Amino acid sequence: MNVAIVWFRGLLRLHDNPVLNWASSNDEIDSIVPIFIIEESDDVGGRPLLGDNRMRFLYESIVDLDKGLREQYDSTILVFSGDPRHVIASIVHCLDSDVKVLLTDYRSEPKMRVGITEIENLLKPSGVETMVFPAASTILDIEEVIGSETYKNPKSSRDIDAIMREYLDEGPDGYLVGEPLSKPVEVRSDSRTLEILTGHTGPSDYYIEMDEVRRRASENGGQSYFPGGESEALERLRCKVIDVPDFVNTFSKPDTFSTNENQNPLEPTTTGLSPYISTGCLSVRLVWTEVARANLNSEHTKPPQSLLGQLMFREMFYLLSRSVENWDDDIDNSNCKRIEWGSYDEALMTAWESGMTGYPYIDAMMRQLDTTGWMHHLGRHAVSCFLTRGQLWQNWKHGRDVFERKLIDSDWALNNGNWLWLAGVAPFSMPYYRVYNPCPDSRSSLNVETRDAAFIRHWVPELSTFPSRYIFEPHLAPIEIQRSSKCIIGEDYPEPIVNRNEARKRNMALFKESLENHVD
DNA sequence: GGATCCGTTGTAGCT
DNA sequence: AAGCTACAACGGATC
């Protein structure tokens with residue numbers, strides 16, 4: 001019996017899955033054992049790594065994957081919880097000498113790279129080969145690109161464009177990223193092999209039954225607008241990209257809004273595909289292909305603001321996160337300027353995280369994040385600038401941690417990259433003195449109903465009857481208006497936590513001072 | 001080698 | 001109402 005363990009890590013899908021395809025098309029493999037390993041808690045202990053929405057999304061994605069494997073292939077996925085080294089060693093041990101190969105997809109995070117090398121070395125003595133499939137969750141082969149002698153860290157859209165041009169052929173619209181793989185024809189999973197692993201003699205310390213995974217998926221909120229899983233991902237790709245070429249061809253990221261007019265306020269103005277891409281429920285290559293198809297023979301926006309531009313920046317951050325040492329830190333990171341941030345301020349951090357800063361636009365965004373696990377990109381700009389160089393002068397790493405725990409599309413490379421950018425500390429950042437206005441809609445002063453005002457009313461119900469003219473800065477409303485809107489500032493909704501203009505000016509000066517103090 | 005240009009998405013105030 | 005200007009002023013690449 002030749003067993004292949006297919007370890008699902010960054011690809012929670014059946015389509016465009018080179019790992020599963022390799023295993024299913026290899027005649028020497030008699031039995032495929034699909035597995036997923038959940039690491040539930042931090043090494044340090046303390047608070048859970050993933051917030052409720054992230055956990056729920058993950059469990060739903062696994063349930064969907066299992067459903068696909070059962071219905072289409074009469075297979076299943078086995079879920080384990082624990083340290084992957086221990087789990088995999090235990091599986092190999094239980095199956096005696098049958099396991100021939102461990103297959104998985106490439107992951108670029110330092111922790112994962114170290115982990116897979118350790119596992120490879122661990123399995124070698126037992127004659128088990130480890131195969132890692134590159135370029136599965138990115139378009140470029142990250143190791144190949146950064147290993148090239150000519151590689152230089154990209155820091156603009158031009159740079160990443162040049163890199164992609166070097167590795168990919170140009171098609172009629174954008175680069176040719178290769179045809180996404182179809183689903184495997186068959187997945188041979190020998191039932192005895194699976195029974196050994198799910199029975200009492202198997203690695204029962206780690207095994208979690210699918211019923212338990214289902215229970216956890218429904219237990220963790222179910223609040224969110226985004227259900228996890230490949231089925232949902234493909235459906236969303238269809239209705240937000242394939243069926244709406246006009247939307248794709250006119251897409252311009254900076255011009256999108258926090259919310260839709262006359263639509264479900266939970267439906268993003270962007271594609272909302274990010275949670276599916278970050279978990280690997282959806283192939284980024286498939287998204288690229290479908291966007292390029294919509295672009296074909298039609299006028300369309302171009303990178304960097306177009307949809308393909310967004311995917312190109314994703315590649316850029318993946319490259320940087322792999323080539324820049326200490327990508328997730330503010331010291332010994334060549335892409336992070338040394339800034340003397342204020343010390344951790346629990347009151348400020350709590351107000352920010354819980355959406356109680358007294359700035360409705362910021363608070364609406366943070367409450368949306370907490371409830372649904374998602375936030376519009378421009379909102380992420382606003383709240384992260386507000387927390388760091390804009391108003392609160394807190395280290396970007398504190399905000400990064402909150403995003404990492406709560407965002408269902410959290411991605412180590414992208415999350416750190418975006419915080420570096422927005423805190424103004426990276427070589428690819430905007431100049432530090434370009435500070436986002438936390439009360440951004442100037443039209444509101446004309447008492448015009450705006451999309452952002454509708455967004456605030458939805459997420460900050462205290463202000464639901466506040467007139468548009470004052471809704472971005474309700475503390476400026478005369479007391480009669482506060483009374484008639486049934487929202488007294490300082491009682492029903494907080495006073496602003498800081499004076500935004502004073503804080504901005506002070507922080508700009510502090511930022512400049514830090515730059516002068518730390519000239520290399 | 002100093003000047004100039006440029007950077008995915010700024011703000012405020014004016015017409 | 002889109003488009004202009006002034007603001008404040010980084011840092012690397014290019015010429």
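What you see is a predicted model; the values in this text were computed from it and never measured. A, B, ... follow the sequence lines: proteins, then strands. Residue 1 opens every chain.
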How many Å lie between NZ on A:Lys152 and P on C:dG12, as a whole number? 12 Å
Just compare B:dT8, C:dC10, B:dA12 and give me whichever is closest to any side-chain atom of A:Lys512. C:dC10
Is a salt bridge present between A:Glu267 and A:Lys240, judged by a nitrogen-to-oxygen distance below 4.0 Å? yes
Among B:dA12, B:dT8, C:dC10, the one nearest A:Arg500 by side-chain distance: B:dA12
Complementary nucleotide of C:dT14, counting Watson-Crick and G-U pairs under 3.5 Å: B:dA3
What is the distance, to the nearest angstrom, from the NZ atom on A:Lys253 to the P atom on B:dG7? 19 Å
Exam field: side chain A:Asn333 to backbone A:Asn326, donor-acceptor pair closer than 3.5 Å: yes
Any donor-acceptor pair under 3.5 Å linking the side chain of A:Asp363 with the backbone of A:Gly358? yes
Expected output is a numbered-order residue list: members of residues 153-160 of chain A with a heavy atom under 4.0 Å from any atom of DNA chain B. What is it? A:Lys155, A:Ser156, A:Ser157
To the nearest angstrom, how far is A:Ile339 atom CD1 from C:dC10 atom C1'? 11 Å
Spacing between A:Glu473 atom CD and B:dA12 atom C1', to the nearest angstrom: 13 Å
Protein-nucleotide distance (A:Phe386, atom CZ; B:dG10, atom P), rounded to Å: 19 Å
Whole-angstrom distance between B:dG1 and C:dG12, as gauged at atom C1': 15 Å
Taken to the nearest whole Å, OH/A:Tyr436 to C1'/B:dT11 is 12 Å
For B:dT8 and C:dA2, measure between their P atoms and round to the nearest Å. 26 Å
Hey, does A:Trp412 have a side-chain heavy atom less than 4.5 Å from the side chain of A:Met112? no
For A:Arg322, is there an ion pair with A:Glu143 - N to carboxylate O distance below 4.0 angstrom? yes
Could you tell me whether A:Phe313 contacts a base, only the sugar-phosphate backbone, or nothing, with contacts defined as non-hydrogen atoms closer than 4.0 Å? base
What is the distance, to the nearest angstrom, from the CZ atom on A:Arg504 to the P atom on B:dT11? 9 Å
Mind listing the residues from residues 427-435 of chain A sitting with a heavy atom below 4.0 Å of DNA chain C? Number order is fine. A:Tyr432, A:Tyr433
Rounded to whole Å, please give me the gap between NZ in A:Lys337 and P in C:dC10. 10 Å
Take atom P in B:dG7 and the same atom in C:dC7, then report the distance between them in whole Å. 23 Å
If pairing requires Watson-Crick or G-U wobble contacts with both distances under 3.5 Å, which nucleotide is the partner of B:dT11? C:dA6
Kindly indicate whether the side chain of A:Lys253, heavy atoms from C-beta on, has any atom under 4.5 Å from the side chain of A:Leu378. no
In terms of relative ring orientation, are A:Phe428 and A:Trp327 parallel, tilted or perpendicular, with 30° and 60° separating the classes? tilted
The single option from A:Tyr225, A:Tyr276, A:Phe226 that satisfies ring pair (Phe, Tyr, Trp, His ring centres under 6.0 Å) with A:Phe57 is A:Tyr276
Return yes if a side-chain donor-acceptor contact under 3.5 Å exists between A:Asn517 and A:Arg338, otherwise no. no
The nucleotide from C:dG11, B:dA12, B:dT8 with an atom nearest the side chain of A:Gln305 is B:dT8
Between A:Glu480 and A:Arg483, is the salt bridge (charged side-chain N to carboxylate O under 4.0 Å, His left out) condition met? List the steps. CA-CA 5 Å; A:Glu480 315 82 75; A:Arg483 277 203 199 97; 5.7 Å; no
